[in-house]
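Beneath this line is the structure, given in structure tokens, with notes to follow.
So that the names make sense, note that chain A is the first sequence line, chain B the second, and so on, each numbered from 1. Keep in mind that the numbers below use all heavy atoms, side chains included, and drop hydrogens, waters and symmetry copies.
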Number of protein chains: 2
Amino acid sequence: MRKVSPKTLTRALFYIRTLNRLLHLGGSVVSSKELADIMGFSDAQVRKDISNFGKVGKPRIGYKVAELKQVLEDFLVQDVVHAALFGVGNLGSAILRYSGFHQNKIKLVAAFDIDKNKIGKTINGVPVYAMKDIREIVRRTHVDIGIIAAPEEASQDIADLIVGSGLKGIVNFAPTSVSVPKGVFVKDIDLSIEFLSLFCDMQHS
Amino acid sequence: MRKVSPKTLTRALFYIRTLNRLLHLGGSVVSSKELADIMGFSDAQVRKDISNFGKVGKPRIGYKVAELKQVLEDFLVQDVVHAALFGVGNLGSAILRYSGFHQNKIKLVAAFDIDKNKIGKTINGVPVYAMKDIREIVRRTHVDIGIIAAPEEASQDIADLIVGSGLKGIVNFAPTSVSVPKGVFVKDIDLSIEFLSLFCDMQHS
DNA sequence: CAAGAATTGTTCAGAAATTCACAATTAAGA
DNA sequence: TCTTAATTGTGAATTTCTGAACAATTCTTG
């Protein structure tokens, strides 16, 4: 199958989210125009994206919701993604308790912190370990990605730990860039920047 | 001044973040190459972005950290951005307690919930109001953007409330698309999708 | 003061992403 | 059955974004 760009992949995840909602609402078919309107894309964009994954639609009809969802999921999220969390503070705790993951093939398998009061506890079913145990846990447990939800000062050290334990993907919520070797993927989510960029877009539009 | 693309604006916010860190570490000048390496961009990209905001650098020297930061901030974030939060659950509480905002010209001025046990309290200095009071609060208080951190089922109603109260920007953490009139900006942050998209990028690279 | 080295700002070319536009297809209805 | 209307899939056109390259500039050093 042809190479698909990251942008298309991300939009495809939004398509899946919307298709799930439509399924839940009882819809059975949907057109590119309807999908586009719901998500704020163009209909041409939707069709071109979907065409990456095969010829799923029928002219004059549209796409069968269940079938399209299946095709996208087969391509994108075959397995459950196992994630480990680093830093059980305000944000980390909220992530541990976030209820949206289990519907989306994401499983938090371990959390790490340096606070002795937290180590050994279980939050929402996820055990909290000492930071130094990461290598052993990653060896014993299937982990795909690491999530940094620690203070700025600790983020680079944690990134190094994550990389050292062999993981290749990091979601970084800390408000600072971390440097990693080539081949490791980092996604930065800085709440301040997210808010500010929305506001900048508003002002400079 | 020339029109600047949203992508450039977002990167510029990352530049500011990095410049702050450099300032804090005592750096006084920095080259495009250094900035690029820290953030994982190309040096040409950095120079081109910065050139949107004027001729700030000196050949053979680089950019004065403080001066560049000033130039970018003058263009991007002249005023403090005032935000109101909708939904004081796990994620909402973490946002209220997030410590990174005040350094970044973001101020949470109000929170809203439907839970009587939360209404009337103050969390981290931010008062929690009843959802129905939004119009009055927005009239009395300067609010730029609304943040939806409520369950999926409530998100569209909250978006309608936000739009009805006159706000033009929404950050939506709920795992569903909200529909808004033209002219209202929405930024979706779906934690599941963020994690999955990282993983997809890893697999399909 | 002149030569050399480093870095900017900018132009240009190429790549990537988006939109357009329409032939092909299919269901529905006369 | 034949026509009509709707919708897909896609090649071409367009726009946006990125990367390469280099003249212009300015510090440094001898």
Which atom names give the shortest non-hydrogen contact between A/Val109 and A/Val143, and what distance separates them? CG2-CG2, 3.9 Å
Would you mind checking if B/Asp79 and B/Lys105 are paired as a salt bridge, meaning a charged N to carboxylate O distance below 4.0 Å? no
With a 4.5 Å heavy-atom cut-off, do B/Lys69 and B/Asn20 have their side chains touching? yes
With the side chain defined as heavy atoms from C-beta on, A/Arg60 is closest, among D/dC27, D/dG19, C/dT26, to C/dT26
May I have the distance from B/Lys58 (atom NZ) to D/dT26 (atom P), rounded to whole angstrom? 7 Å
Is the distance between the ring centroids of A/Phe195 and B/Phe101 less than 6.0 Å? yes
Figure out the CG/C1' separation between B/Leu68 and C/dT8, and round it to whole Å. 13 Å
Would you mind classifying the nucleic acid contact of B/Thr8 as base, sugar-phosphate or nothing, using non-hydrogen atoms under 4.0 angstrom? nothing
Crowding at NZ, B/Lys107 (>12 non-hydrogen neighbours, <6.0 Å): no
Just to be sure I understand the geometry, which residues of residues 22-45 of chain B put a non-hydrogen atom under 4.0 Å away from DNA chain C? B/Ser31, B/Ser32
If I take atom CG in residue B/Asn52 and atom P in nucleotide C/dT8, what distance separates them, rounded to the nearest angstrom? 16 Å
Tell me whether A/Lys58 at atom NZ has more than 12 heavy atoms from other residues, nucleotides or ligands lying less than 6.0 Å away. no
Would you say B/Lys55 reaches D/dT25's phosphate, i.e. side-chain N/O to OP1/OP2 under 4.0 Å? no
Gap between atoms CZ and P, on A/Phe53 and D/dG9 respectively (whole Å): 13 Å
Return yes if the base of D/dG19 and the side-chain atoms of B/Lys48 contain a donor-acceptor N/O pair under 3.5 Å, otherwise no. yes
From OH of B/Tyr63 across to C1' of C/dT7 the rounded distance in Å is 9 Å
Neighbour count above 12 (heavy atom, 6.0 Å) for B/Lys187 NZ: yes
Can you check the A/Arg47 CZ to D/dT7 C1' distance for me, whole Å? 7 Å
B/Lys3 has an atom NZ; how far is it from atom C1' of D/dT15, in whole Å? 10 Å
